Amino acid sequence: MSALSQRPQRAVVGLPLPHESAALHVTGQALYTDDLVMRTRDVLHAFPVQSPHAHARILSLKVKPAYDVPGVVRVLTGEDVPGVNDAGVKHDEPLFPDEVMFHGHAICWVLAETLEAARLGAAAVEVEYEPLPSLVTVREAIAAGNFQGTGRHLESGDVEGALAAAPHVFSGEFEFAGQEHFYLETNAALALVDEGGQIFVQSSTQHPSETQEIVAHVLGVASHAVTVQCLRMGGGFGGKEMQPHGFAAIAALGATLTGRPVRLRLNRTQDITMTGKRHGFHSEWRAGFDDDGHLVALDATITADGGWSLDLSEPVLARAMCHIDNSYWIPNVRVDGRIARTNKTSQTAFRGFGGPQGMLVVEDLLGRCAPLLGYDPMELRRRNLYQSQHSTPYGMPVRHAERLEACWGEVLERGGIEQRKAEIDAFNATHPDTKRAIAMTPVKFGISFNLTAFNQAGALVHVYKDGSVLINHGGTEMGQGLHTKMLQVAATCLGVPLSRVRLAPTRTDKVPNTSATAASSGADLNGAAIKNACEQIRERLEQVAAGKLGINPKDVRFVDGAVRGLSFGSDTLSWDEVVLAAYFQRVQLWAAGFYRTEGLHWDANAMRGEPFKYFAYGVAAAEVEVDGFTGAYKLRQVDIVHDVGDSLSPLIDLGQIEGGFVQGAGWLTLEDLRWDESDGPHRGRLATQAASTYKLPSFSEMPEVFNVRLLEKAHEDGAVYGSKAVGEPPLMLAFSVREALRQAAAAFGPAGTSVDLPSPATPEAVYWALDRARSNSDSRSHSHSHSHSREFVGSEGR
C-alpha cells in the first residue's frame with residue numbers, strides 16, 4: 001500500500017460529515033461573488049450590448065448616445081484595451097469583436113451608477129451591421145466542410161478485416177444534443193484596483209489561475225499584478241472553467257480605467273445566450289458482432305459542434321474518443337474525430353467533458369443492435385464488459401476491471417432485477433397502452449486531465465502558535481464538497497480534531513499556477529498536495545515531540561489532538577503543547593505542499609498512452625413506465641452501485657452520485673436546446689433562454705425509489721487515502737434511463753423491434769418512437785441499421 005493511500009486508524013477521512021457550508025447555504029448566509037457588492041462602495045455596474053445576428057460584420061459602433069443616459073460613466077470598447085483584445089487561451093475569442101459570430105455576442109459594455117442605467121445605456125448604443133451567411137447546425141457545418149482545431153485519429157487492430165469477417169455488421173448515424181449548465185449562480189465578477197495598482201478580482205470561476213492570466217494579458221500587465229479570488233460558486237459543472245475569464249477581464253478593465261470597483265453579473269437570459277454549453281455531437285458508425293454477441297469491430301466518425309471558437313473543444317473531443325468504448329472490450333477500433341465551427345455560443349467543458357458523448361455512441365449502438373441480434377440488451381452489455389487482461393483502444397490496461405463485474409452483480413442481486421423483469425413482462429402483457437422496462441448500463445471513466453501538465457496541484461498550510469490550522473489549496477468549491485474533503489484530509493494527516501482546521505478562500509496569491517477544478521481531479525490533486533504540506537509540518541513536530549518524550553521521532557503518533565509514543569503507557573502531550581514548543585525552538589510551522597500525478601504519459605497526436613491515473617467504475621439499473629398515448633414517462637426505480645475507492649467523505653460522495661445521475665438524466669431525456677434554424681431575421685437565436693422554455697430535472701423527475709450504494713473493498717492504491725474521484729462518472733450512469741425508455745417504446749411493437757430514439761428522449765420523442773414501433777411490424781427500416789447477414793434481413797430474426 002502506498003504512503004499516499006495508507007489511511008491511519010481513527011481517521012477523520014471516511015466519516016459521513018455534512019458539507020462544510022451546508023448551514024450557510026440553507027440559511028442564506030453563504031457569500032457568493034455578487035454578495036460582495038453590498039460590502040463595496042461606489043460600485044459601477046456593467047451591461048453588454050448584444051448582437052441580434054448569428055453572423056455579421058460591424059460597420060459602425062456609435063457609443064455617444066449612451067453617454068446621454070443619466071448615470072452612464074463609461075462605455076468599454078476594443079479601443080480601451082491596453083493589452084491583448086482576447087478572452088481565451090487560443091487567441092480566437094476577441095473580447096470586443098469587429099465581426100459577431102453568434103446571436104447574443106457581446107460587442108461592447110456599458111458601465112453606469114446603477115444596473116438600470118447601464119441597461120438603458122446599452123440600449124442607446126447604435127450599431128450598424130452587415131449580415132453574413134451563418135451555419136447554425138452541425139450538419140450544415142459538415143456539409144460546408146467548416147471545421148476548426150486539430151482533428152484526431154484513434155486506431156487499434158484491423159478494423160476493415162474484422163468487419164469483413166464479422167457475421168453481423170450494422171451501420172448507423174446518430175446526432176445528439178448539448179446541454180445548458182444552468183448553475184444557480186450566473187457568471188459574476190467584481191474587480192477593484194488598490195493604491196499600488198494591484199488588481200483584485202472576485203470571480204465565480206473554476207480556474208482562478210487562468211482567469212488571472214487572461215485578465216493580465218488583456219490589461220497588458222504581469223500576472224503578479226493581478227489577484228483572483230473565488231469564495232465559492234453556486235454551481236459550475238464545467239461552465240465556469242473557461243467562460244468567466246472574459247467577464248472578469250471586462251470588470252478589471254473597467255476598474256482600471258475608472259478607478260472605481262466594477263461589478264459584472266449576468267442575468268439568466270444573458271448567461272444562457274452568451275456562454276457555452278455541452279458539445280452536441282454527430283456520429284456515423286459501423287459495428288461488427290460475432291455469433292456470440294461480442295463486439296469485434298467499431299468504425300466511427302464523431303463530429304463535435306464546437307460553436308464559434310475553439311475553447312476546450314479539442315480536449316473534449318479527445319476524451320470523447322478515449323471513452324467511445326465505455327466499459328466494453330472492442331478488439332478492433334477506428335475513430336476519427338473533428339470539430340465543426342458553427343455560429344453558436346462557443347461550446348465548452350461540461351461535467352464528463354466529452355466522456356458522456358463518446359459513451360453515448362456505443363450505448364446507442366448496443367441498444368439498437370441488441371434486438372436485431374436477438375439478445376436481451378442487458379445480456380448483450382454484460383457479455384461485452386472488459387476483463388482484467390484487456391487494454392483500451394489507446395493502449396491503457398484496464399486495471400481492476402473485475403470491479404465492473406462486481407458492480408454489475410451487486411446491482412443485479414440487490415435490485416432484484418431478474419424478478420422485476422418477470423414482473424414487467426407480466427405487466428406489459430396485460431397493459432396494451434402502458435409499458436414498463438428496465439435497463440442496466442455500466443460506466444468506466446478515466447480520471448486525470450488528458451493534458452499531463454495539468455495534473456499538478458499546490459497547497460499552503462499554516463499552523464499557528466495556538467495550535468489552530470489554516471489551509472489554502474488551489475481547488476475551488478462549487479457545491480461539490482471539495483473543501484469538506486480537504487478539511488478532513490488535513491485533520492487526518494495532522495492528527496487533530498476537525499474543529500481545529502479552517503479553510504481559506506481560493507486565491508492566486510496563496511497558491512500559484514493551479515489547474516482548473518475539473519476532470520473530477522479536485523480531491524485527488526489538492527488532497528495530495530495538502531497531505532504533502534501537512535506531512536512536512538508533522539515531521540518537524542515529530543522531532544520536537546520526540547525530544548520532549550524521550551523517544552525516537554519515528555515512534556511519535558498524532559491522534560485526535562494528542563501526541564504520544566507507540567508503546568503502551570507512553571507519556572502524552574497535547575497538540576497545542578508540541579506546537580508551542582516548536583515555535584520556541586524556532587521550528588517552521590507552515591509548509592507549501594505540492595503533488596504531481598505519477599505514471600501518466602500521453603501522445604495526443606498518436607492518441608496512444610496512459611492518460612489516466614485510474615478508472616472509476618459504476619453500474620445503474622433504471623425502471624421506467626411509458627404512456628402509449630402521450631409518450632409521458634416516469635422513473636419508477638433506480639439502483640446504483642458505484643466505485644469511489646475508500647470514500648473520503650461518504651455523505652458527500654452519495655450526494656454527488658445522486659446529483660450527477662439526475663443531471664445526466666436531464667441531458668438525455670429533458671433538456672432540449674433549440675436554436676432558430678430558419679432563414680428568418682432571428683436565425684441563430686437560442687429559443688430556450690429561461691427555465692420557462694428549457695426543461696430542467698426537478699423533484700418530480702426523481703425516481704420513486706432511489707437506491708445508491710458505494711462499492712465496498714475498493715481501495716485505490718496511489719490516490720489520496722485510497723479514494724477515487726466522484727464528480728463526473730455518475731452522470732453517465734443515466735444511460736440506463738434512456739435505454740429503459742428505448743426498451744419500453746419497443747415493447748409497444750412486436751418482439752425483435754429495434755427502436756431509434758433521439759437524444760434528448762423527450763416525451764414527444766418517446767411517443768414518436770413507440771408509435772413507429774406500434775404501427776410498423778418491420779421497424780428495422782426505421783433504425784438506420786442494416787446487417788449483411790441474411791439471418792437478420794427480416795424482422796422475424798431470432
Side-chain angles (χ1 to χ4, degrees), residues 19 178-184 206 233-241 277-278 316 319-320 323 326-327 349-360 363 407 411 440-447 477-482 484-485 517-524 615-622 635 638-645 647-671 696-699 701-703 706-711 714 723-739 759-760:
H19 192 288
Q179 185 179 19
E180 163 60 34
H181 300 87
F182 222 107
Y183 24 66
L184 290 177
Q206 291 175 236
M233 286 165 278
F237 311 118
K240 293 176 180 172
E241 182 172 348
K277 327 292 178 203
R278 182 187 294 284
V316 165
R319 185 170 279 266
H323 284 79
N326 189 7
S327 303
F350 199 129
R351 196 177 195 169
F353 199 82
Q357 291 97 316
M359 292 183 191
L360 183 53
E363 291 299 343
C407 291
V411 169
M440 274 175 69
T441 57
V443 163
K444 172 188 67 65
F445 189 80
I447 303 298
E477 176 64 53
M478 61 196 95
Q480 84 278 37
L482 176 63
T484 308
K485 290 182 175 180
T517 305
S520 303
S521 64
D524 284 4
F615 293 109
Y617 301 108
V619 170
L635 190 51
V638 171
D639 295 271
I640 291 172
V641 174
H642 194 73
D643 168 23
V644 297
S647 175
L648 290 176
S649 199
L651 265 184
I652 297 292
D653 286 348
L654 286 171
Q656 284 294 290
I657 294 167
E658 292 169 350
F661 176 88
V662 171
Q663 190 169 48
W667 168 51
L668 294 166
T669 66
L670 294 173
E671 302 180 43
L696 290 163
S698 59
F699 285 120
E701 280 74 45
M702 288 286 282
F706 201 177
N707 301 316
V708 180
R709 289 180 56 84
L710 305 181
L711 183 67
S723 63
K724 274 189 176 182
V726 71
E728 293 171 301
L731 183 137
M732 287 147 277
L733 294 168
F735 292 135
S736 56
V737 180
R738 183 172 183 271
E739 291 307 307
S759 185

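Note that the coordinates shown come from a computational prediction; the quantities given were computed from them, not determined experimentally.
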Give the ring-plane orientation class for Phe350 versus His181, where under 30° counts as parallel, over 60° as perpendicular and anything between as tilted.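 The arrangement is parallel - the two ring planes meet at less than 30°.
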Any side-chain heavy-atom pair of [X] and [Y] under 4.5 Å:
X	Y	result
Gln663	Pro697	no
Gln480	Val726	no
Leu731	Pro356	yes
Leu710	Asp643	no
Leu670	Leu696	no
Val644	Leu711	no
Pro760	Glu671	no

If you measure from [atom1] on [X] to [atom2] on [Y], what distance do you get to the nearest 0.5 Å?
X	Y	atom1	atom2	value
Met359	Asn326	CE	CG	4.5 Å
Ile447	Lys724	CD1	NZ	8.5 Å
Thr484	Leu651	OG1	CG	10.0 Å
Leu635	Met702	CG	CE	9.0 Å
Glu363	Leu360	CD	CG	8.0 Å
Leu668	Met732	CG	CE	10.5 Å

Which heavy atom in [X] sits nearest to a heavy atom in [Y], and how many Å separate them?
X	Y	answer
Thr441	Leu733	OG1-O, 3.6 Å
Phe445	Pro729	CD2-CG, 3.8 Å
Ile640	Val411	C-CG2, 4.2 Å
Gln179	Gly666	NE2-C, 4.4 Å
Ser327	Val443	OG-C, 3.2 Å
Asp653	Ser647	OD2-OG, 2.6 Å

| message | Quick one, Val708 with Ile657, criterion side chain to side chain contact (heavy atoms under 4.5 Å, CB included). Give me CA distance, side-chain angles, the key distance, then yes/no. | response | CA-CA 8 Å; Val708 180; Ile657 294 167; 3.6 Å; yes
Donor-acceptor pair, side chain of [X] and main chain of [Y], under 3.5 angstrom:
X	Y	result
Ser520	Glu728	yes
Gln357	Gly354	yes
Gln206	Lys240	yes
Arg351	Gly238	no

Check your understanding: Are Lys444 and Phe615 in a cation-pi setup, meaning NZ or CZ lies under 6.0 angstrom from the ring centre and within 45 degrees of the ring axis?
Key ->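 Yes, a cation-pi geometry holds between Lys444 and Phe615.
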Would you check if there is a donor-acceptor pair between the side chains of Glu739 and Ser736 at a distance under 3.5 Å?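 Ser736 vs Glu739: no donor-acceptor pair found between side chains.
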ask   = Is a side-chain donor-acceptor pair under 3.5 Å present for His642 with Gln656?
value = no
Exercise. So among Phe735, Trp667, Phe706, which one has a ring pair (Phe, Tyr, Trp, His ring centres under 6.0 Å) with Phe661?
Worked result: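 Option passing the ring pair (Phe, Tyr, Trp, His ring centres under 6.0 Å) with Phe661: Phe706.
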